[in-house]
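The structure appears below as C-alpha cells.
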Protein chains: 2
Amino acid sequence: MNLLLSRQDVDFQLFDWLSVEDLLGRDLYAEHDLPTLRSVLNLAEDMASGLFFSHARQADIEEPTLSAEGKVDLPEEVRTALKGLANAGFIATSMPVSAGGMQLPFVLDKAAFAWFQAANAATSGYALLSMAAANLLLEHGSEEQRARYVPRLADGTDFATMCLSEPQAGSSLSDIRTTAKPAGGGQYRIFGNKMWISGGDHELSDSITHLVLARTEGAPPGVKGLSLFLVPKILTSEDGGRIRNDVTVAGLNHKMGQRGTVNAALNFGEGRHKPFGEAGAVGYRVGAEGAGLTCMFTMMNEARIAVGASAAAIGYSGYLHALDYARSRPQGRLPGSKDPESPQVPIIQHTDVKQMLLYQKAVVEGALALNLYCARLIDDIRSMPAEHTEDVRLLLELLTPVAKSWPSKYCLRANDLAIQVHGGYGYTRDYNVERLYRDNRLNPIHEGTHGIQGLDLLGRKVVMQDGRALNVFREKVMQACDQAGPGSRMLAEMSRKLAEYLDDMIEATHVLHAADDKAETLANSSIYLDAFGHLTISWIWLSKLLAIGERSTPYFEGKKAAAKFFFAQELPKVGTAIQLLKSKDRTALDMEPEYF
Amino acid sequence: MNLLLSRQDVDFQLFDWLSVEDLLGRDLYAEHDLPTLRSVLNLAEDMASGLFFSHARQADIEEPTLSAEGKVDLPEEVRTALKGLANAGFIATSMPVSAGGMQLPFVLDKAAFAWFQAANAATSGYALLSMAAANLLLEHGSEEQRARYVPRLADGTDFATMCLSEPQAGSSLSDIRTTAKPAGGGQYRIFGNKMWISGGDHELSDSITHLVLARTEGAPPGVKGLSLFLVPKILTSEDGGRIRNDVTVAGLNHKMGQRGTVNAALNFGEGRHKPFGEAGAVGYRVGAEGAGLTCMFTMMNEARIAVGASAAAIGYSGYLHALDYARSRPQGRLPGSKDPESPQVPIIQHTDVKQMLLYQKAVVEGALALNLYCARLIDDIRSMPAEHTEDVRLLLELLTPVAKSWPSKYCLRANDLAIQVHGGYGYTRDYNVERLYRDNRLNPIHEGTHGIQGLDLLGRKVVMQDGRALNVFREKVMQACDQAGPGSRMLAEMSRKLAEYLDDMIEATHVLHAADDKAETLANSSIYLDAFGHLTISWIWLSKLLAIGERSTPYFEGKKAAAKFFFAQELPKVGTAIQLLKSKDRTALDMEPEYF
C-alpha cells in the first residue's frame, strides 16, 4: 500500500462517479481509450512514489540556498524528478496535441497529477506553474508566443512563474507599481519589485518564463491599468546566444513548509544585467493593454483549483499515513476490557481514533472529489459546443473559490488530526505527517487568501447574472436529492436534510444581499464560504453514494460510513452558520480597531 | 507594547475579576501586600522580554545536540535565562517559605509564569517541571526527600523530569515495564526505557531529579503495580563526591516546535555507568508501594493546568503579534471606497481581519482566565480549612481536563489565525507566529492527549460522587447567570442563553450515561469535551463582564465585544454538539477498521 492516494478511490471517482469514459466519445478525446487512461494513472502512481515521495523529506531539510554568484541551488533530486515528470509527458498531459501535449481529458490529468502533489507538493509546484502558464499563453498569447514558449513549458525545457505580488500589493493587486516602458519592436522594459514568487529562480530549466503584471506608462490607476508581460529569464541574441535578462533575486523566503519550492523576491530592471546593452528587464505584452488581470485570471483560476487539489492531496496522504499508523500501533484496551495482561489493541480500534480517521476520510475524499468534479467541468467546456456550456462555465466560476478554499482549510485540519493520531511520534520530524501539515499550511494563504475567496463567493459569484450560477448549483444539488429521495432510508434522510440546508443557505444569501450596505453583506463572508463549502461537500458525498448504488463491499461500506459521518457531524454546522448569517451579526464589523 | 501578554488584562483578571487581594487576608499569604504582587508581575514582564523572548528564535534554530560523549548541548542563552529566573525566585514563587519559596498566591505565581511561557515556552518548560516535581515531593516525599531535593529544585540548582512513557506505553500507563529492584538501605535499582522525556538530559543544572514510574518485583500488573521513584542524575558518594547514576540518553527527539526543550529517550540501568560499582539506576521510592500513579497525579494535574496555561500564553502572544501586524500593515481599501489612488487602509480595518482578531482575543483571554481561575481554586484549597474546600477540590478536578485541553485546541487555532492575519509573511520563519504555532502544536498531545482528556471528563469527572462536581459547576454557572440576568439587555440575553445550554449539556450528560454500554457513552467524548469547554469559556466571559460592570472605556468595550463575539459565534456550536451527543451517534463506534 502506498501512502499517497488510494488508487481504488481515484478509480472510483473517475470511472464510477465522474463517468470519464463518456468523454472518450467526444471528438476532442476520441484518440484515447480506457486502457490508455489507466496506464497514465499507473505511471503517475509509480513515478510519484519512486521519484517524488522519495526526496520529499530531503527537499524539506535541504532548503534552496542562494550562492554568492546569485544562483539558487536545490538538491539534484528535485531536478531529476522534474525531468522524469516532463519526459513522461505529465506537464503536457491535457495540452492540445498541436502544442506538444497528449490531449487527454483534463480530469484525468488532474487525477494523475494529484499523485505527484500528494507525494511531494513542493517539487510538483514547479510543474503546476508550467501547466497554468502554458494554458494562459494558449488562451491569450500571440501565435508567435504560443509557438515559441508553450512547447518549452510542455516538455520541461523551461519553467514558469506568476509575478503578481509586490511588497505593498499582496491581496490588493490594484496597488501594483511595477512599470513597463515600450522599447520598440514589440518589446517593453520592465522595472519593479515582485514578492513571493514561487519558482522565482533556480537552475532546473534552461530558462524561466515569468508572467508579470505591470503598469504601462500613462495607464489608469487601479487594476484597469494593468497589463500582462512575458519576461523570459534568458533572452536569445540574434546569433542564438543566451543573454541574461535583467531579473535578479533580491532574496529567498524561508518558509514553514513547501521548502523545496524556491520562493523569491525578484527585482526587475535593477540594472544588474544589461540585456542588449541596457538596464531594464525585457518583456513582451500578452493580450491587450489594460487586460492584464483578465488574462492573469486564466492562470489564477487554474492555480486556485490546483491549490485546492494540492490541499486535498496533502490531506489525503496524511490520512493514509494516519491510517497506516493506527493499524500498526498497539496501545491500550477497549472499554470494559480491563485485564492489564491482555494484549493491547491497535489504536484503530479506539472510537476516538476512528472518529479522527473518519473525519479525515470524509474530508479528503470529499475534497479530492470536488476538485476532480471541477476538472470534469473544464472537460465539458473544452469538449462541448460553447453554446451548451454557459451553465457549466457559471458553475465552475461559482465553485472555484470553494474548490480552492475548502480543501485548504479542512484538509489542513485533516493533516492536524493525522499528527494527533500519531501522538508524540507525529510531533517529531521523523514522521511525514509533521511535514505534510507544514506543507499544507500554505494553501489557505496563497492564490487568494481564505478571506479573499469568501469575498469572491459571496460578493461576486453568487450574485453574478442575477444569481444564475447559484441557480445552476441549486439544480445540481436538487437533482442528487431527487435521485436519492426514493432510495434507502439513509439516502432519503440525507437528501431531505441536504435540500433543507440548501434552501436555508439560499435564503441566507438573499437576506445578506438585502442588507443596507455592502459592508454588512460581506461582514461574515468567510463564514458563508465555509458553510457553502460544507454544503457542497455534502452534495458531493450524496452524489458519490448514488454512484455506489446497491454495492456493499467493505470498501463501499467505508464510503457510506464516511458520508454518514459527514452528514451527522459536519453538515449540521451549516445550520448554525446560517443562523448566524441570517442574524447579520455585526460584532466584527462594528468592532473599533482601538478597542482591541 | 510587548507582544507577550497584555499587562492590563492580566491585572484585570487578577485584581478586578479574581479578587486576588482577598487572599492577602488569609493567614497563608498574610505576609504580602498588593505592591509586592504588582512588583512580582513587573519583574516577570521585564525578565520575560529581556531574557526569554530574546532567545526564543535562537533556541528554535539551534536545537539541542547530543555530543559524542553523550552530553546534551544547548545554547548558552537557555542556561542564562533559567539562572536568571531561578535567582529572581520565580521557580519558588508559590512554594512555602519553609521549602525556600516566597509563599505567594499560586494564582499570582501562574500569572507571573505565564509571561515566561508566552515569551519562550521551550525554555520555561524546564522551570515548569521543577515546580511540579517540587510540589509532588512536598506532598508525597519523605521528610528527608523534601529537605534534600526541594530546595535544590526551588533555587534552580537541579531541574526535574516526569518519566512515565515507554515505547509500548504512551497513553496506556498500565503497560509500563520499567522495574525497580530493592537494593537495601531504602535504595532501589531501576531498569527500563523511558520515552518522550522533556528535560531528560542537559548541562543546565548540577543534577536532574527524575521522577520515574516503575514496577516493583512481584507487583500486580496494571497501574496498581506502579510505584514512584526519585532517580537523581548525580548521586553523592560518602565523601561528597559526584557519582554519575546509570541513566543514559538513548537519543534525542527532533520536534516540530518547542525545540529548546530537549526531549530524550532515556535508558535506566543499561550499565553504561556503574554507581557504587554496579549497573542499575539508583532510585528512592516516593510514597507507598503501589501508589505510584496516585503520587504522580499530583504532578500530572499540575502539569495539565500548566500545559493549558502554556497553550493560552502562546496563543496570547500570537494574538498580540497579529494585532500589531494588522495595525501596521496597509493593504486594500474598504468596501465602497474604490478609488485606487486613495491610500490603503491598515488591515485591522477589514472586517474579516477583525473577525480573526476577535476570535483570537475571545479565545486567548478566555483560556488564560480559565487557567488563572483554576490556580485561584488551588489557592482556596491551600489557604482555607480543608472542611470548606471539598467542593473547590471537586470543581478543580472537573475543570482540569478542560483547562488542559480547551486552550490546547483553541489557542492553537488562534495561533493558526495569527499566521493567517500575517498572510505570506506569517508563513515564513522570519515572523514569530510561525514558531508559535509549532510550539503550541505540542499541547494537545502531551500530558494526556485530547482524546484522553475527553475520556477523563465524560467517563470519570462528571459522574464522580454521583455527579457532585458537575452540580458544583452548575451552581457556579447559574450564579453568574442569576447575577447577570437583571443587568443590561446584552447580559440578560447572554445569561438566558448560557443557562439554556448548561441545562442542555447536563441533560446530554445524563442521556449519555444512560446508554447501554460504556463504549456508547464514551463514543463522542472528544465532542463532549469541546462542547463542555465552550460552555465553560462562555461562563468565564460572562463572569468577566460582571466584573467590568458599568465601566465603558475603549479597553472594556473591547472585552464586551469579545464576549459578545464568543456568545454569537461560538456558543451556538455547543447546541449543535449537544444534538449530536444526545443522538448517541454511533458512526465512529460502529465503523469496522477494515472499512477504512
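These numbers were taken from a predicted model, which means no experiment stands behind them. In what follows, chains carry the letters A, B, and so on, assigned in the order in which the sequence lines appear, proteins first and then strands, with residues in each chain numbered from 1.
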Heaviest contributor of heavy-atom pairs below 4.5 Å to chain B, chosen from A:G426, A:A562, A:G336, A:A588, is A:A588
With the threshold set at 4.0 Å, does a side-chain nitrogen-carboxylate oxygen contact exist between B:D175 and A:R333?
-> yes
What residue in B:E557, B:H450, B:K518, B:K560 has the most heavy-atom pairs under 4.5 Å with chain A?
-> B:E557
Does any N or O in the side chain of A:Q360 come within less than 3.5 Å of the main-chain N or O of A:M356, such that one atom is a donor and the other an acceptor?
-> yes
Backbone N or O of B:G257 within a donor-acceptor pair of the A:Y427 side chain at under 3.5 Å?
-> yes
Relative to chain B, which segment of A:L412 carries a heavy atom at a distance below 4.5 Å: side chain, backbone, both, or neither?
-> side chain
With distance as the sole test, does B:R327 use its side chain to make a donor-acceptor pair with the main-chain N or O of B:P346 at under 3.5 Å?
-> no
Chain B interface, residue from A:R413, A:R435, A:E592 that has the most non-hydrogen pairs under 4.5 Å | A:R413
B:N415 and B:V433, any side-chain heavy atoms less than 4.5 Å apart | no
Is there side-chain contact between A:F596 and A:M591, with at least one heavy-atom pair below 4.5 Å?
-> yes
Find out whether B:M490 and B:K564 are in side-chain contact, i.e. whether some heavy atom of one side chain is under 4.5 Å from a heavy atom of the other.
-> yes
Which residue out of A:G170, A:A326, A:P220 racks up the most heavy-atom pairs below 4.5 Å with chain B?
-> A:G170
Apply side chain to side chain donor-acceptor pair (under 3.5 Å) to A:N253 and list each qualifying residue two or more places apart in sequence or on a separate chain.
-> A:N263
Does the side chain of A:R259 reach to within under 4.5 Å of the side chain of B:R429, using non-hydrogen atoms?
-> yes
Set of residues satisfying side chain to side chain donor-acceptor pair (under 3.5 Å) with respect to A:K409, sequence neighbours excluded = A:D530
Out of B:K354, B:E434, B:K224, which one racks up the most heavy-atom pairs below 4.5 Å with chain A?
-> B:K354
What residue in B:D430, B:I419, B:L173 has the most heavy-atom pairs under 4.5 Å with chain A?
-> B:I419
Side chain, backbone, both or neither of A:K361 within contact of chain B (heavy atoms, under 4.5 Å) | side chain
So do B:S171 and B:T449 actually touch side chain to side chain, heavy atoms under 4.5 Å?
-> yes
Determine yes or no for a side-chain-to-main-chain donor-acceptor pair under 3.5 angstrom, with B:Q349 supplying the side chain and A:P593 the backbone.
-> no
A:K559 and A:D9, any side-chain heavy atoms less than 4.5 Å apart | yes
Has the side chain of B:R215 got a donor or acceptor atom that lies under 3.5 Å from a matching backbone atom of B:I176?
-> yes
Quick one: of B:G332, B:P221, B:A169, B:S583, who has the most non-hydrogen atom pairs under 4.5 Å with chain A?
-> B:P221
Applying a strict 4.5 Å limit to non-hydrogen atoms, the region of B:L580 in contact with chain A is side chain
Note: vs chain A, highest number of non-hydrogen pairs under 4.5 angstrom among B:I527, B:D517, B:T553, B:L334 is B:I527
Side chain to side chain contact (heavy atoms under 4.5 Å, CB included) between A:Q569 and A:Q355: does it pass, once the steps are laid out?
-> CA-CA 10 Å; A:Q569 302 219 355; A:Q355 179 100 6; 2.7 Å; yes
Portion of A:R586 that has a non-hydrogen atom of chain B nearer than 4.5 angstrom | neither
Pairwise side-chain contact, B:H254 with A:T428, heavy-atom cut-off 4.5 Å (strictly under) | no
Side chain from CB out, backbone as N, CA, C, O: work out which of these in B:Y425 comes under 4.5 Å of a heavy atom of chain A, or both, or neither.
-> both
Contact class of B:H350 relative to chain A, heavy atoms under 4.5 angstrom | neither
Geometric class of the A:F566/A:H534 ring pair [parallel <30°, tilted 30-60°, perpendicular >60°] | tilted
Interface residue of largest heavy-atom contact number with chain B, from A:G424, A:G454, A:S165, under 4.5 Å = A:G424
Winner by heavy-atom pair count (cut-off under 4.5 Å) against chain A, out of B:Q168, B:R329, B:Q344 = B:Q344
Please flag which part of A:P554 lies under 4.5 Å from any non-hydrogen atom of chain B: side chain, backbone, both or neither.
-> both
If contact means a heavy atom pair closer than 4.5 Å, which residues of residues 436-446 of chain A contact chain B?
-> A:Y437, A:R438, A:D439, A:R441, A:L442, A:P444, A:I445
At a heavy-atom separation under 4.5 Å, does A:D339 approach chain B through its side chain, its backbone, both, or neither?
-> neither
Those residues of residues 570-579 of chain B, ordered by number, that approach chain A below 4.5 Å (heavy atom to heavy atom) | B:P572, B:K573, B:T576
Side chain to side chain, B:L522 and A:T351, heavy atoms closer than 4.5 Å | no
Most chain B-contacting option - heavy-atom pairs closer than 4.5 Å, from A:M195, A:E63, A:H422 = A:E63
Would you mind telling me which of A:V353, A:D352, A:L358, A:L455 has the largest number of heavy-atom pairs within less than 4.5 Å of chain B?
-> A:L358
Could you tell me whether a side-chain N or O of A:S328 sits under 3.5 Å from a main-chain N or O of A:D324, the two making a donor and an acceptor?
-> yes
